[in-house]
Enquirer: 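Sharing a structure, written as structure tokens. Questions coming.
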Amino acid sequence: MDHPTQPDSPPVTEYEGKGRWETLIIAYKTLGVVFGGLVTSPLYVYPSMHLKSPTEDDYLGIYSIMFWTLSLIGVVKYASIALKADDQGEGGTFALYSSLCRNMNIGMLTSRPANSSSTLSRSLLDEGTEKQSRLAKFFRKSVVARRVLLFIAMLGTCMVIGDGILTPAISAVVEALSAVVLIILFLLQKFGTSRVSFLFSPIMGAWTLCTPLVGIYSIIHHYPSIFKAISPHYVFRFFWRNGREGWLLLGGTVLCITGSEALFADLGHFNRSSIQIAFLFTIYPSLVLTYAGQTAYLIRNPNDHDDGFYKFIPKTIYWPIFIIATLAATVASQSLISATFSVIKQSVVLDYFPRVKVVHTSDSKEGEVYSPEVNYILMILCVVVILIFGDGKDIGNAFGVVVSLVMLITTILLTLVMIIIWRTPPMLVALYFCVFFVMEGVYVSAVFTKIPEGGWIPFAISFILALIMFGWFYGRQRKLEYELTHKITLDRLGVLLSDPSVQRVPGLCFFYTNFQDGLTPTLGHYIKNMKSLHQVTMFTTLRYLLVPKVAPHERIVVKKLGLKGVYGCVIQYGYADPLNLEGDDFVSQVTNSLQAHIQNCSGRLPSNPSEIQEEISYLEEARSAGVVHVRGKTRFYIGHNCGWFDRIMLAFYEVLHSNCRSALPALGVPPPQRIEVGMLYEA
């Protein structure tokens with residue numbers, strides 16, 4: 001592409017250049033958003049275990065398991081490793097997946113290599129391809145491997161969303177009260193993560209401070225030597241003594257690390273340093289001390305495990321802690337609500353999920369997003385789950401399945417990142433993979449036994465979400481394949497325009513197309529039936545690159561296509577970039593870029609100044625005559641030759657497509673300037 005032009009500078013996208021105090025303030029804000037699910041886990045871990053006549057050694061073994069789970073998965077895996085695998089500030093399953101695809105130069109919707117917009121980027125990708133690891137080359141060659149990778153990323157995304165639905169139910173204290181407060185919580189989401197965190201951080205801060213103090217009191221009062229259980233040999237003694245029953249109890253102990261995925265998925269709302277500081281210096285010590293205090297109490301009162309949190313609170317402060325616990329448990333779901341907004345937004349802009357409205361709620365942090373449709377659907381599902389499964393027994397089993405599977409998927413993707421992107425020494429990769437895959441694999445095997453007892457719930461939720469994602473992906477892929485096969489070349493366009501019956505009518509037309517190496521089949525359909533094309537036509541592509549943010553000088557790219565009044569325009573955005581070009585501003589930026597391009601081209605090639613001025617005047621005349629935006633409204637024609645699978649999936653895609661938002665309103669195009677050209681694609 002020739003001479004990309006510079007639009008206005010985008011807003012600051014990171015908490016960059018912040019001083020120590022600002023970082024601490026941001027770390028404080030994370031308490032109300034990122035760690036709600038994790039820090040409130042003491043409410044339901046022991047009640048979720050089906051303990052039978054537990055002994056002192058049993059409780060010491062359980063605490064040892066929880067301590068090492070928090071230390072290894074929380075501190076080592078997420079705080080130390082996963083947060084460094086961010087994709088330019090964005091975290092979560094799809095951030096890992098897009099990083100891998102971009103590094104391996106693999107397109108996400110097709111088997112073709114992902115294109116880059118700049119010569120520099122292309123040269124770097126070509127050089128990188130030569131130096132790729134054998135694993136990366138294997139993914140480039142194997143369609144099956146790429147589809148398996150896509151399935152894993154989709155499953156992880158669906159499980160994170162399922163986690164967001166189940167978190168309020170597992171932490172509910174009083175069902176009706178929790179449902180009411182939860183509705184208020186969802187209604188507050190439109191104000192953005194920063195304002196919500198300002199409101200919720202004092203609640204979670206009070207919880208994070210109070211529970212370890214109660215824990216310390218309980219340790220001193222009941223069992224001062226509780227920290228001897230930090231020794232790993234208590235873990236081995238626990239399994240040696242309890243065997244299969246001890247293995248089944250892992251379905252409850254895994255809940256101590258619930259919400260840890262939000263620590264990574266919410267990265268786009270804050271930054272790495274603030275999350276690490278908050279977790280390592282407040283959340284982790286708080287959980288270690290709280291669980292120690294609970295266990296110390298239960299060692300002296302072994303049959304109180306069904307209500308292991310509230311009974312270990314001293315009676316003199318019971319009601320204040322109860323009120324804080326009720327508030328904390330209700331707002332705990334904020335961590336997964338924010339994570340859900342992030343992963344849905346990433347999925348939408350990468351074209352793996354039907355288009356929904358995504359609102360950027362911050363001018364200084366582009367990762368702060370909110371989706372009205374997703375918000376209200378989540379609200380309804382969360383309230384329904386609370387009212388149906390409010391006792392926490394079945395939902396605890398369901399929650400364990402979600403937590404363990406998400407952790408395992410993240411481990412697999414992080415291992416691929418280490419091998420393909422970071423080029424970590426094989427011994428360190430093997431050590432990481434063996435420790436965490438085995439540890440989380442054991443947890444998964446234990447929670448899978450709970451599927452008949454409520455564990456089916458997340459699979460039902462994830463199946464529905466995965467069906468939506470796959471149906472959309474399949475339809476978009478088939479549509480792209482048809483368009484690539486039937487695309488209109490520039491030579492073919494020249495032949496169509498040379499027809500004497502085809503007229504060039506006054507005006508500036510933005511004709512939207514999905515790819516750059518050719519023109520959409522809708523164009524040929526339009527010209528053949530309308531027998532006309534506008535005086536100046538810009539074939540415009542909205543292109544999302546496999547990066548979170550696109551450099552400003554590559555945002556809008558224009559070029560001549562060799563025919564009079566016919567130009568190409570590419571608007572490039574990463575999945576963390578807002579489409580903030582509005583109506584007339586959008587037209588002005590594109591026409592200004594085109595005028596600069598025309599003048600720059602004249603500077604390189606011998607040309608007549610009068611011809612340059614004539615071309616610019618021709619452009620201004622077309623704009624003054626009126627602007628119109630044309631897009632294809634395509635549907636699949638499902639004939640008798642289609643197989644049953646295509647019939648079902650394409651019909652499902654048509655339902656999704658007819659009920660999702662158009663891509664054009666995101667650019668602020670006024671409805672009177674929009675034209676939709678209908679066309680049937682034969683499946």
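One is the number of the first residue; the rest follow in order along the sequence. These numbers come from the heavy atoms of this one structure, side chains and all, not from hydrogens, waters or symmetry mates.
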Enquirer: Can you list the residues that meet the side chain to side chain contact (heavy atoms under 4.5 Å, CB included) rule with Phe151, with sequence neighbours excluded?
Expert: Leu155

Enquirer: Can you classify the ring geometry of Tyr432 versus Phe436 as parallel (below 30°), tilted (30 to 60°) or perpendicular (above 60°)?
Expert: tilted

Enquirer: From Cys434 SG over to Met439 CE, what is the distance, rounded to the nearest 0.5 angstrom?
Expert: 14.0 Å

Enquirer: Kindly say whether Val429 contributes a backbone atom to a donor-acceptor pair with the side chain of Thr424 at under 3.5 angstrom?
Expert: no

Enquirer: For Ser338, which residues count as a side chain to side chain donor-acceptor pair (under 3.5 Å) partner, sequence neighbours excluded?
Expert: Gln334

Enquirer: Report yes or no: do Tyr370 and Lys345 form a side-chain donor-acceptor pair below 3.5 Å?
Expert: no

Enquirer: Report yes or no: do Thr295 and Tyr46 form a side-chain donor-acceptor pair below 3.5 Å?
Expert: yes

Enquirer: Pick one: which of Thr30, Leu38, Leu31 meets side chain to side chain contact (heavy atoms under 4.5 Å, CB included) with Phe279?
Expert: Leu38

Enquirer: Would you please say whether a donor-acceptor pair under 3.5 Å links the side chains of Trp247 and Ser445?
Expert: yes

Enquirer: Donor-acceptor check, side chain of Glu90 to backbone of Ala95, threshold 3.5 angstrom: yes or no?
Expert: no

Enquirer: Does Ser41 have any side chain to side chain donor-acceptor pair (under 3.5 Å) partners at least two apart in sequence or in another chain, and if so, which?
Expert: Tyr291

Enquirer: Can you find a side-chain donor-acceptor pair between Gln294 and Tyr63 that sits under 3.5 Å?
Expert: no

Enquirer: Given 3.5 Å as the limit, does a donor-acceptor pair link the side chain of Trp207 with the main chain of Val39, or not?
Expert: yes

Enquirer: For Asp266 and Ser342, which I'm curious about, is there any donor-acceptor pair between the side chains at under 3.5 Å?
Expert: no

Enquirer: Please say whether more than 12 non-hydrogen atoms of neighbouring residues, nucleotides or ligands are located less than 6.0 Å from OH in Tyr376.
Expert: yes

Enquirer: Quick check: does any side chain N or O of Ser64 sit under 3.5 Å from a backbone N or O of Leu60, one acting as donor and the other as acceptor?
Expert: no

Enquirer: Using only atom types and a distance under 3.5 Å, with no angle test, would you say the side chain of Gln189 pairs donor to acceptor with the backbone of Leu185?
Expert: yes

Enquirer: Which of parallel (below 30°), tilted (30 to 60°) and perpendicular (above 60°) describes His222 and Tyr297?
Expert: perpendicular

Enquirer: Which pair of heavy atoms, one from Tyr59 and one from Leu298, lies closest together, and at what distance?
Expert: CE1-O, 3.4 Å

Enquirer: Would you confirm whether Arg146, through its side chain, and Arg140, through its main-chain N or O, come within 3.5 Å as a donor-acceptor pair?
Expert: yes

Enquirer: Under a 3.5 Å cutoff, is there a donor and acceptor pairing between the side chains of Tyr234 and Asp57?
Expert: no

Enquirer: Provide the full list of salt bridge (charged side-chain N to carboxylate O under 4.0 Å, His left out) pairs with a residue in residues 72-85, sequence neighbours left out, each pair given once.
Expert: Lys77-Glu440

Enquirer: Apply the side chain to side chain contact (heavy atoms under 4.5 Å, CB included) test between His305 and each candidate in Ser48, Pro47, Pro54; give the one that qualifies.
Expert: Pro54

Enquirer: Checking Tyr352 against Thr157: is there a side-chain donor and acceptor pair closer than 3.5 Å?
Expert: no

Enquirer: How would you list, by chain and number, every residue that makes a side chain to side chain donor-acceptor pair (under 3.5 Å) with Asn375, sequence neighbours excluded?
Expert: none

Enquirer: Applying side chain to side chain donor-acceptor pair (under 3.5 Å), name anything that partners Asp58, two or more places apart in sequence or on another chain.
Expert: Thr55, Arg241, Asn242

Enquirer: Determine yes or no for a side-chain-to-main-chain donor-acceptor pair under 3.5 angstrom, with Ser286 supplying the side chain and Thr208 the backbone.
Expert: yes

